[in-house]
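Taking it in order: structure first as structure tokens, then the write-up.
Every heavy atom of this structure was used, including side-chain atoms; hydrogens, water molecules and symmetry mates were not.
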Amino acid sequence: MSNIINATGEKTRGFLMHLGEATRLLINILLNSWYIFKKPFLFTRQIYQLGILSLPIILLSGLFVGMVLCFQAFVNLINFGAEASVGTIVALALFRELSSVLTALLYTGRASSSLTAEIGLMRATEQWASYELMAVNPIQYILTPRFWAGVIAVPILALLFSAVGIIGGYVVATTSLGVDGGAYWSQMKSGVDFGVDIGLGVVLKSFVFGIISNLVALYIGLKGRATASGIARSTTDTVVISSLLILVADFLLTAMIFGV
């Protein structure tokens, strides 16, 4: 029994220690955010690396998710004679839940894992130490542009995911299911609240997910072992931990935004 208590205490202490260090890293990045205005090319380069290069998987995933949603919604709505509302169901499912969560998870697998590997490799090859020897603050030069580029890229990717998903649902609804195109858009327009469903459901949630995913990636990249096996382990930890935290944050945000 005492071993269980000791192990629980050690795990709790380790969790609180990592939480405090990650929070301190976040504050340090925020205090150095002005640097991206001094060196904008660093920020734009990371926007390309983290955002634009993630577009293919985001757009393709959004297209097929929208198509599948349309099929599933139509099969259930036709039993109630409400198949014209399929557009509303597709839009609300994407805006309120799927676009932000799936975009964040896809971004974590594609971009956040590469951030962790990149930071770990910099430490392994002494690049991180060389910046410090040249009196260049690596928090400013390396972490801040990557953090803010990722945080800004995730909401934009989520909006594009939603747009492509709605278009995919429209194509399926009008070509395969015989739904009137005008009814698809009109029902969607009347059922979607721009401020709540898009502003809070997509932009706010994906912004929070972007902070979580990028902060975890940078923190684990800094704290992981600077060896080949250590970098591989850190990359895996980034994907697992970020995904779990995103799902927990999604529950909390959904309860606050859409809870009764």
Side-chain angles (χ1 to χ4, degrees), residues 46-76 86-118 146 149-177 179 184-185 188 192 197-217 235-236 238-251 253-254 257-258:
Q46 293 305 317
I47 284 286
Y48 174 78
Q49 293 288 338
L50 301 176
I52 295 178
L53 293 183
S54 299
L55 276 175
I57 187 173
I58 295 296
L59 297 180
L60 191 61
S61 299
L63 180 66
F64 284 103
V65 167
M67 290 179 174
V68 171
L69 275 176
C70 185
F71 274 121
Q72 294 286 0
F74 183 84
V75 168
N76 290 279
V86 65
T88 303
I89 301 299
V90 171
L92 290 178
L94 287 170
F95 289 146
R96 293 189 175 188
E97 189 65 28
L98 293 179
S99 63
S100 57
V101 173
L102 291 180
T103 297
L105 295 177
L106 290 170
Y107 175 88
T108 296
R110 189 263 159 204
S112 294
S113 58
S114 67
L115 279 180
T116 298
E118 185 180 13
R146 286 166 172 78
V151 169
I152 292 173
V154 173
I156 296 174
L157 292 173
L159 290 171
L160 293 174
F161 186 102
S162 301
V164 173
I166 290 172
I167 293 172
Y170 172 79
V171 172
V172 169
T174 55
T175 59
S176 300
L177 304 177
V179 177
Y184 182 93
W185 294 111
M188 181 191 305
V192 173
D197 296 326
I198 299 178
L200 299 179
V202 180
V203 178
L204 176 62
K205 289 174 70 173
S206 56
F207 181 78
V208 174
F209 298 160
I211 293 176
I212 293 172
S213 181
N214 289 282
L215 180 62
V216 170
T235 303
T236 303
T238 293
V239 175
V240 173
I241 295 173
S242 295
S243 299
L244 290 175
L245 291 177
I246 286 168
L247 294 175
V248 172
D250 176 57
F251 169 75
L253 289 171
T254 301
I257 296 172
F258 303 108

Exercise. In sequence, state the C-alpha distance, the side-chain angles, and the governing distance for Thr116 and Thr238, and then conclude on side-chain hydrogen bond (donor to acceptor under 3.5 Å, both in side chains).
Key: CA-CA 7 Å; Thr116 298; Thr238 293; 2.6 Å; yes
Practice problem: State the CD1-CG distance between Ile198 and Leu94, to the nearest 0.5 angstrom. | Solution: 11.0 Å
Quiz prompt | Nearest atoms (heavy-atom pairs only) where Ala111 meets Ser54 | solution = CB-OG, 4.2 Å
Self-check item: Pair Leu63-Val171, side chain to side chain contact (heavy atoms under 4.5 Å, CB included): steps then yes or no
Solution: CA-CA 10 Å; Leu63 180 66; Val171 172; over 6 Å; no
Quiz item: In chain order, what residues pass the side chain to side chain contact (heavy atoms under 4.5 Å, CB included) check against Leu59, with sequence neighbours excluded?
Solution: Leu55, Leu160, Val164
Self-check item: Any side-chain heavy-atom pair of Val90 and Tyr170 under 4.5 Å
Solution: no
Self-check item: Flag side-chain contact, heavy atom, 4.5 Å: Phe209 against Thr103
Solution: no
Self-check item: Minimal non-hydrogen separation, Val86 against Ala73, with atom names
Solution: CG2-CB, 3.8 Å
Quiz item: Would a 4.5 Å heavy-atom cut-off, applied to side chains only, mark Phe64 and Leu60 as touching?
Solution: yes
Quiz item: Going by the salt bridge (charged side-chain N to carboxylate O under 4.0 Å, His left out) test, which pairs reach into residues 94-106, not counting sequence neighbours?
Solution: Arg96-Asp197, Glu97-Lys205
Quiz item: Does the side chain of Cys70 reach to within under 4.5 Å of the side chain of Leu177, using non-hydrogen atoms?
Solution: yes
Quiz item: If every non-hydrogen atom of Gly87 is compared with every non-hydrogen atom of Met188, which pair is closest and at what distance?
Solution: O-CE, 3.6 Å
Quiz item: Below 4.5 Å, heavy atoms only, C-beta onward: do Leu53 and Tyr48 meet side chain to side chain?
Solution: yes
Quiz item: Side chains of Leu204 and Ile257: does their closest heavy-atom pair fall under 4.5 Å?
Solution: yes
Exercise. Please report the shortest heavy-atom distance between Tyr184 and Ile166, naming the atom on each side.
Key: OH-O, 2.9 Å
Quiz item: Taking all atoms of both residues into account, what is the closest heavy-atom pair of Val154 and Gly210, and its distance?
Solution: CG2-CA, 3.9 Å
Quiz item: Atom CD1 of Ile212 and atom CZ of Phe207: how far apart are they, to the nearest 0.5 Å?
Solution: 11.0 Å
Quiz item: So which heavy atom on Gly168 is nearest to which on Met67, and how close?
Solution: O-CG, 3.6 Å
Practice problem: Can you measure from CG (Asn76) to CD1 (Ile89) and round to the nearest 0.5 angstrom? | Solution: 9.5 Å
Quiz item: Are any of the side-chain heavy atoms of Leu200 and Leu253 separated by less than 4.5 Å?
Solution: no
Quiz item: Within the distance-only criterion (no hydrogens, no angle test), does the side chain of Ser206 pair as donor or acceptor with the backbone N or O of Val203 below 3.5 angstrom?
Solution: yes
Quiz prompt | Phe74: ring-ring contact (aromatic ring centres under 6.0 Å, His included) partners, not counting sequence neighbours | solution = none
Self-check item: Rounded distance [0.5 Å steps], CG in Leu157 versus CD1 in Ile58
Solution: 5.0 Å
Quiz prompt | Contact check, side chains of Thr108 and Val216, non-hydrogen atoms, under 4.5 Å | solution = no
Quiz item: What is the distance from atom CG of Leu50 to atom CD1 of Ile152, rounded to the nearest 0.5 Å?
Solution: 11.0 Å
Self-check item: Residue pair Ser112 / Ser242, side-chain donor-acceptor N/O under 3.5 Å
Solution: no
Quiz item: How long is the gap from CG on Leu245 to CG on Asp250, to the nearest 0.5 Å?
Solution: 12.5 Å
Self-check item: Test side chain to side chain contact (heavy atoms under 4.5 Å, CB included) applied to Leu115 and Glu118, step by step
Solution: CA-CA 5 Å; Leu115 279 180; Glu118 185 180 13; 4.1 Å; yes
